[in-house]
Amino acid sequence: MGAGTPMVVFLIRAFIFLASAALGLWIASLIVDGFTVTASGFLVAVIVFAVLQSILTPWFLVMSRKYANALTGGVGLVSTVAALWVATLIGDGLTISGTSAWVFGSLTVWIVTMLGALILPLIFLRNRVQKRNAEV
């Protein structure tokens, strides 16, 4: 392994996280009434959401383990709602109007980002393994 390997892995993980966040927000905007992402604010909304999600999830996990262990399974969904809420406050790229938009939008973003975080690494790892095998 070369010296740049940890940085490459970090960048791939960051890309995967941003891509899954972008996909989640985009799909929610397509299928959930009241969940709107503007073209001009999409990048800001994705970055704000992804950064907050990456910070809030570990924090909520620690807090749930410390104070309410039974809630540990819902950490991803809770951090998604919190990150979406803050993202709606920053800029005008993301607007969520109404209770059903909050519920179904949050569920959609959570499911899509979860699936993206599971599936996208398999694609990138497969390509990386194939490239490594071709070099040998």
Side-chain angles (χ1 to χ4, degrees):
M1 289 190 181
T5 301
M7 181 55 97
V8 170
V9 170
F10 171 78
L11 291 174
I12 289 172
R13 286 185 180 163
F15 171 77
I16 288 169
F17 199 70
L18 284 170
S20 63
L23 194 59
L25 292 173
W26 179 65
I27 290 174
S29 73
L30 293 177
I31 65 172
V32 177
D33 288 335
F35 194 104
T36 308
V37 181
T38 64
S40 62
F42 182 71
L43 185 60
V44 171
V46 167
I47 291 170
V48 168
F49 172 77
V51 168
L52 286 169
Q53 181 77 350
S54 67
I55 293 168
L56 292 174
T57 299
W59 185 78
F60 279 126
L61 187 59
V62 168
M63 291 297 112
S64 69
R65 284 184 179 156
K66 188 172 182 179
Y67 298 110
N69 203 22
L71 300 177
T72 302
V75 165
L77 185 56
V78 170
S79 63
T80 297
V81 172
L84 286 172
W85 178 69
V86 174
T88 62
L89 300 175
I90 298 175
D92 59 353
L94 177 62
T95 306
I96 305 173
S97 304
T99 304
S100 65
W102 274 101
V103 171
F104 295 116
S106 297
L107 285 170
T108 301
V109 171
W110 176 61
I111 290 168
V112 171
T113 56
M114 180 180 53
L115 290 174
L118 292 171
I119 295 169
L120 290 175
L122 297 175
I123 294 168
F124 283 103
L125 289 175
R126 181 184 55 174
N127 292 342
R128 195 165 172 200
V129 168
Q130 288 173 347
K131 182 178 176 184
R132 187 176 296 161
N133 289 340
E135 293 172 355
V136 174

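Keep in mind that what you see is a predicted model, and the values were worked out from it rather than measured. Computed over heavy atoms, backbone and side chain alike; hydrogens, waters and symmetry mates excluded.
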Quick check: closest heavy atoms across [X] and [Y], and the distance to 0.1 Å?
| X | Y | result |
| --- | --- | --- |
| Ile55 | Pro58 | O-CD, 3.4 Å |
| Gly116 | Ser20 | CA-CB, 3.9 Å |
| Ala28 | Gly105 | CB-O, 4.1 Å |

[atom1] of [X] to [atom2] of [Y]: how many Å apart, nearest 0.5 Å?
| X | Y | atom1 | atom2 | result |
| --- | --- | --- | --- | --- |
| Leu52 | Thr57 | CG | OG1 | 10.0 Å |
| Leu94 | Ser29 | CG | OG | 9.0 Å |
| Asp33 | Thr36 | CG | OG1 | 9.0 Å |
| Leu118 | Ile16 | CG | CD1 | 10.5 Å |

Checklist entry - Taking only residues at least two apart or on different chains, which pairs with a member in residues 21-48 satisfy ring pair (Phe, Tyr, Trp, His ring centres under 6.0 Å)? => result none

Next on the checklist: Leu18 and side-chain contact (heavy atoms from CB on, under 4.5 Å): which single residue from Val51, Leu23, Val46 fits?
Outcome noted: Val46

Checklist entry - Picking from Val32, Leu77, Val112, what satisfies side-chain contact (heavy atoms from CB on, under 4.5 Å) with Leu107? => result Leu77

Next on the checklist: I want to check something: taking the side chain as every heavy atom from C-beta on, are Phe49 and Leu25 in contact at a cut-off of under 4.5 Å?
Outcome noted: yes

Cut-off 3.5 Å, no hydrogens considered: what does the side-chain donor-acceptor table look like for residues 80-90, sequence neighbours left out?
unit_1 : atom_1 : unit_2 : atom_2 : d
Thr80  : OG1    : Gln53  : NE2    : 3.2
Thr80  : OG1    : Gly76  : O      : 2.7
Thr88  : OG1    : Trp85  : O      : 2.5

Item to check | Cluster check Leu120, Phe17: I/L/V/M/F/W/Y, side chain < 4.5 angstrom | outcome: no

